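Working notes for the structure below.
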There are 2 protein chains.
Amino acid sequence: MNAPALSQARCGDCPIRHRAVCARCNADELEELDGIKYYRTYEAGQPIIWSGDVMNFVGSVVSGIASLTQTMEDGRTQMVGLLLPSDFVGRPGREGAAYDVAATTDVVMCCFRKKPFEELMERTPHIAHRLLEMTLDELDAAREWMLVLGRKTAREKIASLLAIIARRDATLTPGGATNRMVFDLPLTREAMADYLGLTLETVSRQISALKKDGIIELEGKRHVTVPDMRRLMEEAGDDSDGGFLG
Amino acid sequence: MNAPALSQARCGDCPIRHRAVCARCNADELEELDGIKYYRTYEAGQPIIWSGDVMNFVGSVVSGIASLTQTMEDGRTQMVGLLLPSDFVGRPGREGAAYDVAATTDVVMCCFRKKPFEELMERTPHIAHRLLEMTLDELDAAREWMLVLGRKTAREKIASLLAIIARRDATLTPGGATNRMVFDLPLTREAMADYLGLTLETVSRQISALKKDGIIELEGKRHVTVPDMRRLMEEAGDDSDGGFLG
DNA sequence: GTTCCCGGTTGATCTGGGTCAAGGATGATG
DNA sequence: CATCATCCTTGACCCAGATCAACCGGGAAC
């Protein structure tokens, strides 16, 4: 893979409150991170890691959206996770990457060199603890997605995805989830298809159908208004919190 | 849920080398577990935990097979994990169960009361560490399964499942995986269908097809011989290690 | 402006797997 | 032994979603 632009920065520069390790960005042990932490930026479409590559860093997404995908020899692909700001990338204690990671939009990552990070983890149990919690969250999310992939119809799949994206935006928006929600799709139709185990044509058709039925409104191809979140949730086939972020 | 038979036992009685916490069964901190550890048995078909139930224990499977399933209001179900001997159940730090857990065959569980277990985890970092590793394994497995659910054909799904079960048996069998493998299916056709996002009729048909094509041989409904594992792997659609155990 | 390109839409048709329905085997029970 | 229940198999048919193909629209390059 190609080498993206790399910039060094002190911890205090962390632009957001990270959910995991970086959540400690202003805390005591952070002093120890000087010199092992840096930022990287990736352009939309760029690969971040290839499955099987040796990963010599861990990190978390600062801005933008990255995707985890698995690929078969014949080219069939399945997206197995979406990485949103504050999500963690990397597997302490593992050598290689398990899946392809790519930037879906422009992405800024906050990285830590792996070795020192692991040593830090040894010394500070609550970091390991936080990491375990995040991993459990991701596991829940992945298993919830298994239900979507295995048992839901195309329409339900689309509604589930829209609900997740809306809910994600809600957590980033002061005020949070309301009945009416407005957001931009951060994914192409093709990426949505890869996420949902569908073809892009089916994605397009089902979005059109949801629009025709008044479940959503569309402005351009990406800007979505959901006039009534409850109706969208019904279309998704369950009332569950349904939060796949992993 | 009903209360299954419960028997107390000292740690030294642990019948197998557990992969995770129980891996410490003969180690120092185990002394501390006296009184918070016990065994439970469940009959095939019995529920172990309902999704949403308060879970006051964690534990690991000693013998038998348990399944994790998610269910929609209308009854559609998706199995999201198989728990084999040595697999861990429970979520330190979480109140409720996230999915239904049920005994697929007769199951013996080695349980720890949750509170004391969590306290023990606080004090002994390497248990937390081991737990993180196991959770990462399960996450990998779940994501691998997402590829199966989202993109593979019915025939590939069946082959993938057979390959996983064969490989699991191989790890339990001295000698390990060979070209020729013989094992018993621990799942009904319906359970396989729930695991694979198919109907039981399709499962049955595809198994018949694999038999007709000489990929597998069947004796009765459950006893399977795979004359050539490589051919089965090809049918599964990838050469990957494909290990979904979680 | 014109052209090109890329992401998206829509239509026509095909098909894998779902659905509905009718047996078949095996093993438990009286 | 007959009965019954469970699990499994197989057939006939149907439909949701895949496939193949044509076209649209907006933005970047010339």
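Order of the sequence lines fixes the chain letters, A, B, ..., with proteins taken first and strands second; residue numbering starts at 1 for each chain. These numbers were taken from a predicted model, which means no experiment stands behind them.
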- Task: Please lay out, stage by stage, how B:Val61 and B:Met109 fare under the test side chain to side chain contact (heavy atoms under 4.5 Å, CB included).
- Result: CA-CA 5 Å; B:Val61 176; B:Met109 298 258 314; 4.0 Å; yes
- Task: Report yes or no: does B:Arg151 contribute a side-chain atom to a donor-acceptor pair with the main-chain N or O of A:Leu198 at less than 3.5 Å?
- Result: yes
- Item | Backbone N/O of B:Asp137 and side chain of B:Asp140: donor-acceptor pair under 3.5 Å | no
- What is the distance from CG of B:Leu185 to C1' of D:dT6, rounded to the nearest Å? 17 Å
- Any donor-acceptor pair under 3.5 Å from A:Thr105 side chain to A:Ile65 backbone: yes
- Span of DNA chain C engaged by chain A, first through last nucleotide within the 4.0 Å heavy-atom cut-off, is C:dG8 to C:dA12
- Message: Using a 4.0 Å heavy-atom cut-off, does B:Leu200 contact any base of the nucleic acid, only the sugar-phosphate backbone, or nothing at all?
- Response: base
- Query: If only atom types and distance count, is the side chain of B:Arg143 paired as donor or acceptor with the main-chain N or O of B:Glu138 below 3.5 Å?
  - Reply: no
- Quick one: stems for DNA chain D, with Watson-Crick or G-U pairs under 3.5 Å, at least three in a row? C:1-30 with D:1-30
Could I get a table of every N or O pair under 3.5 Å where one atom is in the protein and the other is in nucleotides 12-15 of chain D?
{"from": "D:dA12", "atom 1": "N6", "to": "B:Arg205", "atom 2": "NH2", "distance (Å)": "3.4"}

- Query: With a 3.5 Å cut-off and just heavy-atom distances, do the side chain of B:Glu201 and the base of D:dC8 make a donor-acceptor pair?
  - Reply: no
- Distance-only, no hydrogens or angles: does the A:Gln206 side chain make a donor-acceptor pair with backbone N or O of A:Val203 under 3.5 Å? no
- Query: Considering only heavy atoms, which members of residues 150-158 of chain A lie under 4.0 Å from some atom of DNA chain D?
  - Reply: A:Thr153, A:Ala154
- Note on the structure: B:Gln206 CD to D:dT9 C1', in whole Å, measures 13 Å
- For B:Thr199, enumerate each residue passing the side-chain hydrogen bond (donor to acceptor under 3.5 Å, both in side chains) test, keeping only those at least two apart in sequence or located in another chain. B:Thr202
- Task: For A:Ser204, enumerate each residue passing the side-chain hydrogen bond (donor to acceptor under 3.5 Å, both in side chains) test, keeping only those at least two apart in sequence or located in another chain.
- Result: none
- Please list, chain by chain and in numerical order, all residues satisfying salt bridge (charged side-chain N to carboxylate O under 4.0 Å, His left out) with A:Asp106, sequence neighbours excluded. none
- Can a side chain N or O of A:Thr202 be found less than 4.0 Å away from OP1 or OP2 on D:dA16? no
- Message: If I take atom CD1 in residue B:Ile207 and atom P in nucleotide D:dC7, what distance separates them, rounded to the nearest angstrom?
- Response: 15 Å
- Item | Partner residues of A:Glu156 under the side-chain contact (heavy atoms from CB on, under 4.5 Å) criterion, sequence neighbours left out | A:Lys152, A:Thr153, B:Met72, B:Arg76
- Got a sec, which residues hit side-chain hydrogen bond (donor to acceptor under 3.5 Å, both in side chains) with B:Thr77, two or more places apart in sequence or on another chain? B:Asp194
- Message: Does A:Gly197 reach a base, just sugar-phosphate, or nothing at all? Heavy atoms under 4.0 Å.
- Response: sugar-phosphate
- Message: Could you check whether any side-chain N or O of A:Trp50 sits under 3.5 Å from a backbone N or O of A:Val101, counting only pairs where one atom can act as donor and the other as acceptor?
- Response: no
- Query: Just checking, B:Arg40 and B:Phe57: is the charged tip under 6.0 Å from the six-membered ring centre and within 45° of the axis?
  - Reply: yes
- What's the closest nucleotide to the A:Thr199 side chain, out of D:dT19, D:dC8, D:dG17? D:dT19
- Query: Looking at residues at least two apart in the chain, or sitting in another chain, which of them share a side-chain hydrogen bond (donor to acceptor under 3.5 Å, both in side chains) with A:Asp228?
  - Reply: A:Arg230
- Message: Could you report the tightest heavy-atom contact between B:Gly237 and A:Glu73, atom names first, then the distance?
- Response: O-OE1, 3.1 Å
With a 3.5 Å cut-off and sequence neighbours excluded, list the donor-acceptor pairs that the side chains of residues 211-218 of chain A form with protein atoms.
{"from": "A:Asp213", "atom 1": "OD2", "to": "A:Arg155", "atom 2": "NH2", "distance (Å)": "2.3"}

- Note on the structure: Numerically ordered, the residues 210-225 of chain A set in heavy-atom contact under 4.0 Å with DNA chain C is A:Lys221, A:Arg222
